[in-house]
Amino acid sequence: MRIVLVGFMGSGKTTVAKLLAKKIKLKLIDMDELTLKQSGRKNINEIFSLDGEQKFRRIEYAVAKKISGGDNVVIATGGGVVINPLIMDFLKTNSLTVYLQADFDKMKQRVYLKKIKPPLFQDTESAKKIFDLRASLYEQYSDIIIETDDKNVNEVADEIIERLRSK
Ligand code: S3P
């Protein structure tokens, strides 16, 4: 089984992926972590500010290619994977893609709890524009949509497991 979690920044992909992987005993792959490792930078904001978004996207593409087809894994993606159809081709091969859907304000709250805000969520207005552009892509690429607004991480992970059973 190969499960790919997609969704906007602050939708809970990494946290849910960790718990889900533990519950169903699959390996966890965190794409942002691999991209960061590959970049040699200290954090993702540094990649964006020193190397630029294009460089980040190139490394992200290489990571998606490298992990393509791997089995028994839960993959937490970065929020921007859906803007590159080639990345989505790599990710969607033999996988079930789960979209963690959430209200924009909920995601904003979660992002603002973090010490360092992600580079593309520095201000609400531009983040909202990016979200509006991507919302239909997340839907289009997903096999399962989970509404996360009034659920905690455990409930979201359990709902994914439940929905996977009927797939
Ligand atoms: C991005 C989301 C981030 C990270 C990078 C770009 C995006 O991941 O990949 O900052 O374009 O939405 P998270 O969604 O895990 O924050």
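Worth knowing before you read on, the calculation uses all heavy atoms, side chains too, and leaves out hydrogens, waters and symmetry mates. Each ligand, and each atom within it, is numbered from 1 in the order the structure gives. Counting from 1, the numbers follow the sequence of the chain as shown.
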Residues which pass side chain to side chain contact (heavy atoms under 4.5 Å, CB included) with Lys66, listed by chain and number, not counting sequence neighbours = none
Whether Lys27 side chain and Asp71 backbone form a donor-acceptor pair below 3.5 Å = no
key: Thr14-ligand 1 polar pair, N/O distance under 3.5 Å   = no
request  = Report the nearest protein non-hydrogen atom to atom 5 (C) of ligand 1: residue, atom name, distance rounded to 0.1 Å.
outcome  = Phe56 CZ, 3.7 Å
key: ligand 1-proximal atoms of Phe121, by part, heavy-atom distance under 4.0 Å   = neither
Side-chain cluster (under 4.5 Å, hydrophobic types only) that Leu113 belongs to, other residues = none
Main-chain N/O of Gly79 paired to Arg134 side chain as donor or acceptor, under 3.5 Å = yes
message = What protein heavy atom lies closest to atom 2 (C) of ligand 1? Include the residue and the distance to one decimal.
response = Gly79 N, 3.3 Å
Over all atoms of both residues, closest heavy-atom pair of Ala64 and Phe90 = O-CB, 3.5 Å
Contact with ligand 1 for Arg134, non-hydrogen, under 4.0 angstrom = yes
query = For the residue pair Glu60 and Gly78, what are the closest heavy atoms and their distance?
reply = OE2-CA, 4.2 Å
query = Of all the non-hydrogen atoms in the protein, which one sits nearest to atom 14 (O) of ligand 1, and at what distance?
reply = Lys13 NZ, 2.7 Å
query = Any sub-3.5 Å donor-acceptor pair from Lys92's side-chain atoms to Tyr141's backbone N or O?
reply = yes
message = Given Arg57, Lys117, Met9, Glu33, identify the one with the heavy atom nearest to atom 6 (C) of ligand 1.
response = Arg57
request  = Distance to 0.1 Å, residue and atom name: give those for the protein heavy atom nearest to atom 8 (O) of ligand 1.
outcome  = Asp32 OD2, 2.7 Å
request  = Look at atom 1 (C) of ligand 1 and find which of Pro118, Ala127, Gly80, Pro119 reaches it with the closest heavy atom.
outcome  = Gly80
request  = For ligand 1, find out whether one of its N or O atoms is nearer than 3.5 Å to an N or O atom of Lys114.
outcome  = no
query = Are any of the N/O atoms in Gly10 less than 3.5 Å from those in ligand 1?
reply = no
ask   = Are side-chain N/O atoms of Lys23 and Asn154 paired as donor and acceptor at under 3.5 Å?
value = yes
